[in-house]
Amino acid sequence: MKPMFISFLCLILLSASTCKKEGVDCHHDLIVLNNSNDTIICAIKSYYDNLCKIDGPELKPNQSYTFNLLRTCWEEELSNGQKQEFYIVDPANYNIPGVFYDCDSIEIKNTVLKHYELTLQDLQNANWTVTYP
């Protein structure tokens, strides 16, 4: 019984030590709020082998969506001047989800209403919430 208890205790301690908690220097959530009167798609850009795609949820008016980084913080993700890129797209002209294409075709295959390229400083200044429009 004692070895089992010690093993269980070690497992809990090891699990807890790898968990990054939300705090002043670690934010996991980025909230996008649709403040327009129209339904939109909030899509993040992804890359694969020199190709791109944008995918994301549909947001009705006054609805929000939280982009959550489970294993890291936005501060770490956007360190060294990196930017988080995402698009607000009209659902009436939205690319086929999950399909990669030439990166310079995003605005051809979609009606982009707004294109964001946000730095860590931008997100901190906005209190981790981006409001469209």
Side-chain angles (χ1 to χ4, degrees):
M1 181 73 174
K2 191 173 182 179
M4 186 178 188
F5 175 75
I6 291 172
S7 296
F8 180 72
L9 185 60
C10 288
L11 178 64
I12 290 174
L13 289 174
L14 289 173
S15 296
S17 68
T18 60
C19 181
K20 290 187 176 183
K21 298 190 189 288
E22 183 99 7
V24 175
D25 295 327
C26 180
H27 293 82
H28 297 281
D29 295 344
L30 165 59
I31 300 167
V32 177
L33 174 62
N34 179 10
N35 234 5
S36 75
N37 293 324
D38 301 311
T39 298
I40 60 168
I41 293 175
C42 181
I44 286 193
K45 186 177 186 178
S46 304
Y47 301 92
Y48 174 75
D49 202 23
N50 294 325
L51 298 173
C52 292
K53 71 173 180 171
I54 59 171
D55 284 319
E58 188 174 273
L59 299 178
K60 297 191 182 322
N62 299 313
Q63 190 176 27
S64 67
Y65 181 78
T66 301
F67 288 103
N68 182 276
L69 297 178
L70 297 175
R71 301 190 187 275
T72 188
C73 306
W74 282 104
E75 288 86 348
E76 186 176 326
E77 188 75 15
L78 300 177
S79 64
N80 299 324
Q82 299 210 27
K83 295 179 181 179
Q84 178 58 54
E85 205 171 348
F86 66 93
Y87 295 81
I88 303 297
V89 179
D90 182 347
N93 185 29
Y94 175 55
N95 62 226
I96 301 168
V99 175
F100 286 89
Y101 46 85
D102 288 332
C103 295
D104 59 359
S105 298
I106 288 176
E107 303 226 7
I108 295 169
K109 297 191 176 283
N110 301 278
T111 299
V112 176
L113 303 172
K114 180 98 177 179
H115 176 205
Y116 293 92
E117 292 184 75
L118 301 173
T119 64
L120 177 58
Q121 187 68 49
D122 294 333
L123 291 173
Q124 288 170 333
N125 291 343
N127 197 27
W128 307 98
T129 301
V130 176
T131 304
Y132 172 79

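Numbering of residues begins at 1 and proceeds along the displayed sequence. Just so you know, these numbers use all the heavy atoms, side chains as well, and skip hydrogens, waters and symmetry mates. What you see is a predicted model, and the numbers here were worked out from it, not measured in a lab.
Using a 4.5 Å heavy-atom cutoff, the side chains of Val89 and Ile40 are not in contact. You'll find the side chain of Leu113 reaches within 4.5 Å of the side chain of Tyr132, heavy atoms only. Counting only heavy atoms from C-beta outward, the side chains of Lys53 and Asn95 never approach each other to under 4.5 Å. Side chains of Ile106 and Tyr101 form a contact here, defined as non-hydrogen atoms less than 4.5 Å apart. Residues Pro133 and Asn35 have side chains in contact (heavy-atom distance under 4.5 Å, counting atoms from C-beta outward).
For the pair Asn34 (side chain) and Asp38 (backbone), a donor-acceptor distance under 3.5 Å is present. At distances below 3.5 Å, at least one donor-acceptor pair connects side-chain atoms of Asp90 with backbone N or O atoms of Ala92. Between the Trp74 side chain and the His28 main chain, a donor and an acceptor come within less than 3.5 Å of each other.
Summarising the geometry, atom CD1 belonging to Ile31 is positioned 11.0 Å from atom CG belonging to Leu123; distances are rounded to the nearest 0.5 Å. Summarising the geometry, atom OG1 belonging to Thr39 is positioned 8.5 Å from atom CG belonging to Leu59; distances are rounded to the nearest 0.5 Å. Going from atom CD of Glu76 over to atom CG of Asp25 covers 12.0 Å, rounded to the nearest 0.5 Å. Remark: Leu30 CG to Leu78 CG distance equals 9.0 Å, nearest 0.5 Å. For the atom pair CD of Gln84 and CG of Asp122, the computed distance is 11.5 Å after rounding to the nearest 0.5 Å.
Listed by chain and residue number, Lys45, Tyr47, Tyr87, His115, Glu117 satisfy the side chain to side chain contact (heavy atoms under 4.5 Å, CB included) test with Glu85 (two or more places apart in sequence, or in another chain).
Contact detail for Ala43 and Ile54: the closest heavy-atom pair is CB-CB, 3.7 Å. Heavy atoms only, all atoms of each residue included: Asn68 and Leu70 are closest at OD1-CD2, 2.8 Å.
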Q.
Show, in sequence, the C-alpha distance, side-chain angles and deciding distance for Phe86 and Val130, and conclude whether the side chain to side chain contact (heavy atoms under 4.5 Å, CB included) test is met.
A. CA-CA 11 Å; Phe86 66 93; Val130 176; 3.9 Å; yes
Margin query: One pair to check against side chain to side chain contact (heavy atoms under 4.5 Å, CB included): Cys42 and Phe67. What are the steps and the verdict?
Written below: CA-CA 10 Å; Cys42 181; Phe67 288 103; 3.5 Å; yes
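Heavy atoms of other residues, nucleotides or ligands lying less than 6.0 angstrom from CG of Asn50 number 12 at most.
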